[in-house]
Amino acid sequence: MLLALPSAPRLLDTSGWADLAARTVPGAYHIHSIRSDGHGDRTQIAAAAARAGLKFIILTDHGDGTRPPDAPAYIDGILVLDGVEISTDNGHYAAIGMPRAPYPLGGSGEAVVEDVRRLGGFGIAAHPGSPKLALRWTSPAQPDGIEWLNLDSEWRDESRSTLVRAGLAYFLRPGPALATLLDRPETLERWNALVKKAPTVALAAVDAHGGVGRRAEDTSRSLSGTIGIPSYEASFRTVSNRVILDSPLSGDAAADARAVYAAIRKGSVFTSVDALAGPALVDFAFESGFNRKGMGSVLAEDADGTLVVRAVRPDGGELAIVHDGRVVATTHGTELRHVLTGARGAYHVEIVAVSTTGMPPVPWVVTNPIYFGAKGPAVARAELSARFGEASPKPLRGEGGAEGARGAEGAIAPFPWRIEKDPSSSAVLRTTDRDATLEYKLGEGERANQFVALATDLHEQSFSAIDLSVSGDHPQRVSVQLRTADGRRWGRSYYIDPGGSALRVRVGDLAPVRPAAMEPHVRSNEATSLLLVVDLTNANPGRSGSLRVRSSAFVQ
Ligand SMILES: [Zn+2]
Ligand SMILES: [Zn+2]
């Protein structure tokens, strides 16, 4: 059998690009080490990255955020950064630049997105196009970033013959062999929809495990499960994220980590399929008068000016400006100018290299957008919090008990609470005429069904929301639930700040609590109980603490 080898990556001429080349720093994101289901330690992984010509790596071992991340360090000349990949009910969510979480992160995707943000981290929807439903990101919550390309997902949807061909070629040209498996992922369209709502950073994930073995993502149909590849180095030679910094890396790990994370957060980063050609360099900016704003910038709506792209690209490659998912300008040259009047929406750049073999071809380069009129991340966050009824950040003072709630419609504050719990957990309830305080301890030992709840009975009341003022002795999450007479429950998770959280629990926001398959929404007058549940979703067995309900009221 004659084996057609994929061509070697094309080496591009970057003379004349010295300044940009010095500030464009390639790295790999989404890597598993022996700490979870990968096969190399950080020293081995850094060595592989050095051989592949990278400058930084971001490890994302599986976890719940409670392990303190390793401090940034240079190993083998590679800046090693430590993140975490969190499992949620709606798929995997990677968090970078996040300090240790005060409780295990998990539960609904919305809750984890909110927690990562509140903790100061940056969250990325992992493998959103995974063929496996359990892994796919299905949350309606707006992530901070999204993997527009995930190598592990990409080869799962290829036919076995393609995999075998790639497997044979792999031993001769690992990077290009992996690149033959790449198509244009549908996730790019999903990303285009996300950036219409709020700035969302697109990254490429190697999702590298360093070879064969059992992994959290299941080995069935994966290339590594089939023939024991790819190595870290092969993954690192296939795609990279290239952050554009204000100045070159300094060699100081802490300062460089801040610079790399800051560039990713603001979208000053593009991805390139290095197995096709490299090194990729892109200068993308909006020029208006003497102003020049680069990739990731969020500008006012109705701006007038010119989008200017300069890029190194392979012969025959096509450079395109994409507006809200549609190509609006193209060139086969190295520079593209596109005049905008009254600009709005998101513009990004894609470059297709001719040597791409996928159908349709994967773009060689995808940049992050320049936004016009988009809500900045801060605005989007505030809206998200409001929508999810999250706590206001400022502590509540002096509004406990009947005094505080009397003004609200239908106030019956405080509710007559009682305790519900599993037999292994313990709880005490202290009630005054001003508040109710629950002291609890979840049962020790194996994870089972440990839970403690404050419960109160409802009597065919009609309401659209419940206002609750709740505090606790430590940062925690409670699931506020409505239960019908037949035992079905609908709920939503809320963060409780030790300083106090004012919750507006909208009945329409409550979703079915697993495992029952049932109607998406509950009618308040059918509910017979209101519950505030502490369970193992965001706490470990044996966890103790307290919850204090200072006021509660129905909203009509
Ligand atoms: Zn994953
Ligand atoms: Zn992963």
Side-chain angles (χ1 to χ4, degrees), residues 27-42 44-45 48-49 56-65 67 69-70 80-98 104-109 112-113 116 121-139 141 143-157 178 181 185 187 190-191 201-225 229-232 234-236 238-241 264 271:
Y29 148 78
H30 196 151
I31 302 160
H32 294 272
S33 78
I34 47 172
R35 221 172 211 158
S36 59
D37 52 357
H39 292 270
D41 62 26
R42 45 197 254 131
Q44 295 165 320
I45 299 170
F56 70 90
I57 54 175
I58 304 179
L59 302 172
T60 53
D61 278 304
H62 298 283
D64 60 16
R67 172 180 69 79
D70 289 339
V80 179
L81 304 173
D82 191 22
V84 58
E85 184 175 10
I86 303 158
S87 298
T88 82
D89 295 345
N90 305 102
H92 290 178
Y93 197 58
I96 62 176
M98 184 178 75
L105 304 186
S108 76
V112 176
V113 167
V116 168
F122 182 86
I124 302 138
H127 39 69
S130 171
K132 291 187 75 72
L133 180 60
L135 301 181
R136 207 177 297 157
W137 180 253
T138 55
S139 172
D144 302 322
I146 185 170
E147 296 176 358
W148 77 265
L149 183 69
N150 179 295
L151 280 187
D152 192 59
S153 295
E154 283 305 309
W155 57 60
R156 281 165 191 259
D157 68 0
L178 294 182
L181 303 175
T187 307
R190 188 163 166 191
W191 175 54
V201 175
L203 294 176
V206 285
D207 210 346
H209 294 73
V212 70
R214 207 168 69 87
R215 64 173 68 170
E217 269 80 9
D218 170 21
T219 57
S220 68
R221 288 299 308 279
S222 82
L223 195 54
S224 74
I229 56 174
S231 69
Y232 287 113
S235 298
F236 296 160
T238 305
V239 296
S240 65
N241 296 283
I264 291 174
T271 64

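In each ligand, atom 1 is the first atom listed, and ligand 1 is the first ligand listed.
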Under 2.8 Å from the Zn ion (ligand 2) - does any N, O or S atom of His32 fall there? yes
Closest to the Zn ion (ligand 1), among the N/O/S atoms of His127, is atom NE2
Less than 4.0 Å between a side-chain N and a carboxylate O, is that true for Asp61 and Arg42? no
Shortest-distance N/O/S atom, Asp207 versus the Zn ion (ligand 2): OD1
Tell me which N, O or S atom of Glu85 sits nearest to the Zn ion (ligand 2). OE1
Asp152 backbone acceptor or donor facing His127 side chain under 3.5 Å: no
Would you please say whether a donor-acceptor pair under 3.5 Å links the side chains of His32 and Glu85? yes
Can you sort out the partners of Trp191 under ring-ring contact (aromatic ring centres under 6.0 Å, His included), two or more places apart, ordered by chain and number? His348
Contacts of Asn241 meeting side chain to side chain donor-acceptor pair (under 3.5 Å) (sequence neighbours excluded), chain-then-number -> none
Answer key: the N, O or S atom of His92 nearest to the Zn ion (ligand 1) is ND1
